[in-house]
Amino acid sequence: MAGKILAANWKMNTIPADGVALVSEILNQWPDNHRAHTIICPPFTHLAFIAELLKNKPSFSLGAQNCHHEKKGAFTGGISVDMLKDLGVEYVIIGHSERRHIFHESEKDITSKVQRVIQAGMHVIFCCGELLKYRKQGLETSIVESQLKSSLGALSDTEMKQVTIAYEPVWAIGTGETASPQQAQNMHKTIRHWISKQWNNDIADKCSILYGGSVKPGNAKALFMQTDVNGGLIGGASLNAQDFKAIYHAMI
Ligand code: PEP
C-alpha cells in the first residue's frame with residue numbers, strides 16, 4: 001500500500017526567519033503519528049535553518065524545489081544534489097509546471113535531473129500534468145503518460161522506488177480551480193496502471209501519487225478520499241500553518 005504524503009511547496013515565498021516561524025508553528029501541535037509523512041520544500045536559502053528544526057522528527061523530511069542536473073562545475077547559480085544532500089535534503093521536486101513553463105525546462109533537462117537525484121540516493125517528487133488546452137481536447141492522459149515515459153521510463157525497479165508522483169493539472173495550480181475528485185481519481189488510476197505496466201503491480205501499489213492544484217482545507221477531504229490519491233503537493237495553502245494542518249487532518 002502506498003504511504004500517505006503531504007508535501008509543502010513554498011515556491012519563492014518567505015525569508016528564512018518567516019520560514020523558521022512557519023515550520024515552528026506547523027510543528028507545534030502537529031499530531032504525533034507515523035501514519036503519514038510530511039515534506040517541507042522551502043527555498044534553498046532556508047534549507048539549513050529548517051533542517052535544524054526537523055532534526056529528530058522522523059515523520060518529517062526536508063525537500064528542495066529544484067536542483068542542477070550536473071554533478072558540479074561551472075554553472076553559476078546552480079545548486080547540486082550533493083549540496084542539497086549535505087544539508088539533509090531527502091526529496092527534490094522535479095518537473096514542476098512552473099519549471100517547465102516559466103523556466104522552459106525541457107523533457108531532457110527534467111530527465112537528467114531525475115537521474116541525478118536518484119543516483120545521489122535521494123527521492124524525486126516527479127510532477128506531471130496537462131495544460132487546460134489539452135484537457136479541453138481530451139488529451140490529458142496522453143500528455144501525462146508521455147511526461148512519465150520520457151522522464152521515468154528508463155528507471156530500474158529499484159530506482160522507481162525512489163519516486164513519488166505528483167499529478168498537478170497546470171490549470172489548477174495557483175488558480176483557485178481544482179480538479180474534481182473524480183478527475184483526480186481517474187488520472188491517478190491511469191498513472192498507477194501505467195506504472196504497473198511499465199514495472200509491476202507491487203511497485204505501482206507502493207508508489208505514492210499525490211494530487212496538487214489549489215488544494216485547500218475545504219476541498220482536501222473529497223480529493224484525499226479517492227482510492228488512488230495518496231496525499232497532496234500543496235503550494236499556496238502550505239504557507240499558512242493552520243490551513244496546512246487542516247489539510248493534513250483531512251488526509252489522515
Ligand atoms: C504547487 O505549486 O505545486 C501547487 C499545487 O500550488 P497551489 O497549491 O498553490 O495550486
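Each ligand, and each atom within it, is numbered from 1 in the order the structure gives.
A donor-acceptor distance shorter than 3.5 angstrom exists from the side chain of H46 to the backbone of T14, with no hydrogens or angles considered. Using a distance-only test at 3.5 Å, with no hydrogens or angles considered, a donor-acceptor pair links the side chain of Q65 to the main chain of P42.
Counted within 6.0 Å of NZ on K133, heavy atoms from surrounding residues, nucleotides or ligands total 12 or fewer; the atom is thus considered open.
Contact of the I252 side chain with the P31 side chain is registered, since non-hydrogen atoms from C-beta on lie closer than 4.5 Å.
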| task | Please test W171 against Y134 for ring-ring contact (aromatic ring centres under 6.0 Å, His included), starting from the C-alpha separation and ending with a verdict. | result | CA-CA 10 Å; W171 45 273; Y134 294 124; over 10 Å; no

Write none if no such pair exists; otherwise list each N/O atom of ligand 1 with its protein N/O partner under 3.5 Å and the distance.
residue, atom, partner, partner atom, Å
ligand 1, 2 (O), N9, ND2, 3.1
ligand 1, 2 (O), K11, NZ, 2.7
ligand 1, 2 (O), H96, NE2, 2.9
ligand 1, 3 (O), H96, NE2, 2.9
ligand 1, 3 (O), E168, OE1, 3.1
ligand 1, 3 (O), E168, OE2, 2.7
ligand 1, 6 (O), K11, NZ, 3.3
ligand 1, 8 (O), G235, N, 2.9
ligand 1, 9 (O), G236, N, 2.8
ligand 1, 10 (O), G174, N, 2.7
ligand 1, 10 (O), S214, N, 2.7

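A salt bridge links D202 to K206: at least one charged side-chain nitrogen sits closer than 4.0 Å to a carboxylate oxygen.
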